[in-house]
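Counting starts at 1 for both ligands and their atoms, following the listed order. Computed from a predicted model, the values in this text were never measured in an experiment. If you read the sequence from its start, that first residue is 1, and numbering goes on from there.
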Amino acid sequence: MNPFGLYIHWPFCLSKCPYCDFNSHVREKVDQKRWKEALLKELTHASFDAPQGVLSSIFFGGGTPSLMDPETVASLIETAKLLFPTTSYLEVTLEANPSTVEAKKFEAFSKAGVNRLSIGVQSLQDEALSFLGRRHSAKEALKALDIAETYFPRFSFDLIYARPHQTEDGWKAELKEALTYAKGHLSLYQLTIEPQTAFATRFARGETMILEEDPAAFLYELTENMMHEAGLPSYEVSNYAAPSQECQHNLLYWNFENYIGIGPGAHGRITLEGVKHATSCYKAPETWLAAVEKKGHGGEVCVPLSPSERLQEVTLMGLRLTQGLSLKRLYEETSLAPEEAYQGLSLLEKEGLLIQTPTHLVATREGRLRLNSLVSFLLNRI
Ligand code: SF4
């Protein structure tokens with residue numbers, strides 16, 4: 001039986017971070033009871049068109065899901081278990097911010113059934129946290145990691161690097177400290193400027209907001225090497241894990257498997273009658289809430305993906321993985337062998353950007369650094 005995932009989006013944050021382009025909104029007050037009922041309603045509706053297979057993971061993302069009532073989280077987990085067949089180990093991840101108030105709720109989330117926490121630490125330096133517009137201090141972050149260690153068998157945390165003026169020595173020391181707190185998984189993202197963010201406005205005004213390309217690539221190399229030496233090699237462009245500690249939910253995305261998405265702006269990929277469909281919900285929280293209360297779901301789009309869209313997605317997702325794109329998955333989704341699907345394979349192999357094994361098409365480290373251009377070239381878009 002194929003595994004599938006469930007993504008639940010909580011769209012609220014206490015403030016908007018200046019680099020963030022997620023579907024997150026600041027509201028003075030959130031009616032937790034009303035939101036709980038709406039999410040449960042949409043979850044039940046989603047079960048009518050569930051993909052074949054077994055539920056292997058639930059992921060509470062946002063926004064800041066650690067602002068949810070633990071009781072809502074517990075009800076959603078329990079209801080999902082009643083609605084879908086599940087694997088014997090059901091991974092349940094919740095994204096959390098490390099502020100003191102939220103860290104106090106970790107025990108309650110653990111009791112609610114969450115067994116994996118993903119904590120938005122972002123930096124272990126106060127100056128960087130203030131630049132990134134975060135509300136917590138480095139001290140609070142470390143305290144939150146200690147609390148997570150007490151209540152969760154698995155947890156991960158995020159750091160953002162390639163910040164302006166960041167030096168090799170500075171990042172090395174920060175990552176070294178982070179590794180002493182790591183429990184099998186870290187997500188290490190390079191700072192990027194996303195359109196329509198406060199950082200994009202400042203960048204357009206000429207402010208230095210990120211590290212230049214060459215030093216950033218150098219820090220990426222350094223990161224890959226340090227994580228490899230620490231026994232947490234990369235398994236995806238920005239994700240590092242000890243063996244068997246990979247995030248099972250995110251692996252579903254990268255392997256282009258099925259997942260249901262509920263909550264404002266949530267996306268899903270669901271195979272219906274043999275064809276992969278893309279689903280998405282209304283993005284604005286209030287529009288989504290009104291739709292669910294009126295018709296039982298906030299779904300805006302459910303469309304079959306065309307063969308070329310499936311090829312594009314399976315390629316872009318699969319090549320993010322260190323082990324590469326499974327040729328079996330490629331064939332299952334597109335009925336194509338790599339030579340039929342792509343142009344210029346041998347040229348890219350000669351350039352050291354791609355490797356073909358009997359089972360996978362693998363982007364080399366160099367190739368993963370240029371993934372978007374690589375995929376565009378493969379799919380004949382350059
Ligand atoms: S807490 Fe996370 S989701 Fe919320 S604004 Fe900051 S980065 Fe975005």
Glu174 side-chain N/O to Leu124 backbone N/O, donor-acceptor pair under 3.5 Å: yes
Candidate with minimal heavy-atom separation from atom 2 (Fe) of ligand 1, of Arg135, Arg134, Gln122, His25: Arg134
NZ/NE/NH1/NH2 to OD/OE distance under 4.0 Å, Arg368 and Glu236: no
Pairs flagged by ring pair (Phe, Tyr, Trp, His ring centres under 6.0 Å) wherever residues 66-98 is involved - sequence neighbours left out: Phe4-Phe84
Listed protein N/O/S atoms, distance to atom 4 (Fe) of ligand 1 under 2.8 Å: Cys13 SG
Pairing of Arg27 and Glu286 as salt bridge, 4.0 angstrom limit: yes
ILVMFWY network linking Leu319 to Leu251, side-chain heavy atoms under 4.5 angstrom: no
Centroid-centroid under 6.0 Å between Phe199 and Phe131 rings: yes
